[in-house]
Amino acid sequence: MRRILVTGAAGQIGSELTPRLRELYGGENVVATFHIKKLGEDLLSSGPCEHLDVTDAKRLREIVEEYDIDSIFHLAAILSAKGEQKPQLAWHVNMSGLYNVLEVARELELRVFYPSSIAVFSPETPRDMTPQLTVMRPRTIYGVTKLAGELLCDYYHNRFGVDVRGVRYPGVISYKTPPGGGTTDYAVEMFYAAVKGEPYTCFVREDTVLPMIYMPDCIKAAIQLMEADAERLTRHADYNLASMSFSAGELAEEIRKHIPDFKVVYKPDYRQRIADTWPRSIDDSAARRDWGWKPSYGLAEMTRDMIENLRRRLEEGLL
Ligand SMILES: NC(=O)c1ccc[n+]([C@@H]2O[C@H](COP(=O)([O-])OP(=O)(O)OC[C@H]3O[C@@H](n4cnc5c(N)ncnc54)[C@H](O)[C@@H]3O)[C@@H](O)[C@H]2O)c1
């Protein structure tokens with residue numbers, strides 16, 4: 001039995017992870033919390049929902065106590081591209097939010113899931129098959145907060161015994177909720193444009209290769225890690241996680257197998273500089289060894305599934 005609280009439940013990942021958690025553990029046992037962005041109808045009607053600003057420690061604790069929560073999936077954050085526009089906000093939300101979550105977890109013995117990111121890496125990091133332990137000097141405020149967050153999680157584990165687990169997600173691709181301002185958003189935007197029959201102006205160069213993951217695998221990783229036997233885990237909040245890597249041009253080519261006249265022009269903006277500091281591919285052998293991580297989707301399967309689902313959503317008038 002689990003009693004789960006999800007922060008940032010209305011976001012790209014939360015809007016799909018929360019329904020899956022409700023399926024697994026029962027709707028009434030999973031509290032979806034949201035801030036400015038509203039929850040979808042499916043989440044509002046399938047279990048408890050609460051407004052929560054994660055920088056408000058008092059309100060967080062009230063909700064945890066009211067629902068007798070034992071695990072927090074802490075998704076709320078300001079992402080990389082938006083963070084560069086509002087660095088002070090990114091620091092405040094990402095650091096105070098995590099601190100508040102870890103403090104309530106320490107006091108009430110809760111488990112925590114922390115989604116870190118490939119943004120913790122930097123230009124000095126080896127960019128191919130980036131190792132688990134390597135040089136990390138992130139240049140974005142988002143990367144700085146995600147790396148500081150990993151270290152804070154490790155500290156709470158080592159010093160106070162908090163059971164906190166997390167992965168370094170690559171760019172997440174999905175069709176239900178548009179991404180919230182990250183550097184890998186172009187991959188998702190390309191699909192939306194292609195399915196609507198529109199050309200796409202891509203904000204990174206054609207040869208930009210980044211690691212990506214499809215939403216079903218993203219969700220699988222979070223749940224599998226949180227259900228893993230603690231004794232087998234050799235790391236805490238910083239498991240490298242890989243799924244697929246491709247360039248923006250390769251993605252456009254794959255989409256053209258389904259939508260042949262899809263056109264892309266490449267006009268790199270400030271996000272190119274961010275992409276250039278991140279790895280091209282990731283060594284996730286620790287995750288594979290410790291908790292059996294294995295992704296199900298590659299580029300071809302993901303592209304087929306994205307296009308099928310976005311076409312259906314377009315027909316239903318949801319795009
Ligand atoms: N999507 C990706 O590609 C990706 C990759 C790596 C890591 N992650 C991490 O996964 C988590 C979820 O990402 P996402 O893609 O769903 O992001 P998102 O931007 O779509 O969702 C984040 C949510 O946090 C909420 N939020 C912002 N400020 C808040 C506050 N003060 N209090 C409470 N909620 C607040 C936003 O309203 C939003 O709904 C984040 O921690 C992110 O760093 C995402």
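Order of appearance sets the numbers: ligands from 1, and atoms from 1 within every ligand.
Around the CG atom of Leu318, the shell of radius 6.0 Å holds more than 12 heavy atoms that belong to other residues, nucleotides or ligands. Counting non-hydrogen atoms of other residues, nucleotides and ligands closer than 6.0 Å to OH of Tyr67 gives a total above 12. Counted within 6.0 Å of NZ on Lys37, heavy atoms from surrounding residues, nucleotides or ligands total more than 12; the atom is thus considered enclosed.
Using modelled atom types and a 3.5 Å distance limit, the side chains of Tyr192 and Glu198 yield no donor-acceptor pair. For the residue pair Glu84 / Thr140, no side-chain donor-acceptor distance below 3.5 Å is found, with atom types taken as modelled.
Closest to atom 23 (C) of ligand 1 among all protein heavy atoms lies Gly8 CA, 3.8 Å. For atom 40 (C) of ligand 1, the nearest protein heavy atom (residue, atom name, distance) is Leu75 O, 3.0 Å. For atom 17 (O) of ligand 1, the closest non-hydrogen atom of the protein is Leu79 CD1, 3.4 Å. Looking from atom 39 (O) of ligand 1 to the surrounding protein, the closest heavy atom is Gly11 N, 3.4 Å. Scanning the protein heavy atoms around atom 1 (N) of ligand 1, the nearest turns out to be Gln12 OE1, 3.0 Å. The shortest contact between atom 43 (O) of ligand 1 and any protein heavy atom is with Tyr142 OH, 2.5 Å. Taking atom 32 (N) of ligand 1 as the reference point, the nearest protein heavy-atom neighbour is Val54 N, 2.9 Å. Closest to atom 29 (C) of ligand 1 among all protein heavy atoms lies His35 ND1, 3.3 Å.
Using 4.0 Å as the threshold, Pro170 has a heavy atom nearer than that to some atom of ligand 1. Using 4.0 Å as the threshold, Gly171 has a heavy atom nearer than that to some atom of ligand 1. Under the 4.0 angstrom criterion for non-hydrogen atoms, Lys146 is in contact with ligand 1.
You'll find the side chain of Leu319 reaches within 4.5 Å of the side chain of Arg313, heavy atoms only.
Of all atoms in ligand 1, numbered sequentially from 1 with element shown, those under 4.0 Å from a heavy atom of Lys37 are 37 (O), 39 (O). Close contacts of ligand 1 with Val172, meaning ligand atoms under 4.0 Å from a residue heavy atom, involve 1 (N), 2 (C), 3 (O), 4 (C). Each of the following atoms of ligand 1 lies closer than 4.0 Å to a heavy atom of Ser116: 6 (C), 7 (C). Heavy-atom proximity to Leu52, at under 4.0 Å, picks out these atoms of ligand 1: 32 (N), 33 (C). Near Asp53, the atoms of ligand 1 lying under 4.0 angstrom from a non-hydrogen atom of the residue are 30 (C), 31 (N), 32 (N). Interface atoms of ligand 1 facing Pro115, defined by a heavy-atom separation under 4.0 Å, are 9 (C), 10 (O), 11 (C), 41 (O). Residue Gly180 has at least one heavy-atom neighbour below 4.0 Å for each of these atoms of ligand 1: 19 (O), 20 (O).
Hydrophobic cluster membership of Leu43, counting Ile, Leu, Val, Met, Phe, Trp and Tyr whose side-chain heavy atoms lie under 4.5 Å apart directly or via other members: Phe34, Leu39, Leu44.
Residues Trp291 and Tyr239 bring their aromatic ring centres within 6.0 Å.
Annotation: cation-pi pair Arg106/Phe160 present, NZ/CZ under 6.0 Å from the ring centroid and within 45° of its normal.
One distance of note links CG of Asp284 with CD1 of Ile282; it measures 8.5 Å at 0.5 Å rounding.
The pair Glu227-Arg2 meets the salt-bridge criterion, with a side-chain N (NZ, NE, NH1 or NH2) lying under 4.0 Å from an Asp/Glu carboxylate O. Looking at Arg59 and Asp53, no side-chain N of the basic residue comes within less than 4.0 Å of a carboxylate O on the acidic one, giving no salt bridge.
Put simply, the residue from Met302, Gln12, Met306 that forms a side chain to side chain contact (heavy atoms under 4.5 Å, CB included) with Met215 is Gln12.
When heavy-atom distances to ligand 1 are checked against a 4.0 Å cut-off, Arg168 has no atom that comes that close, whether in backbone or side chain.
Considering backbone and side-chain atoms alike, Ile13 places an N or O below 3.5 Å from some N or O of ligand 1. Considering backbone and side-chain N/O atoms, Ile78 never comes within less than 3.5 Å of an N/O atom of ligand 1.
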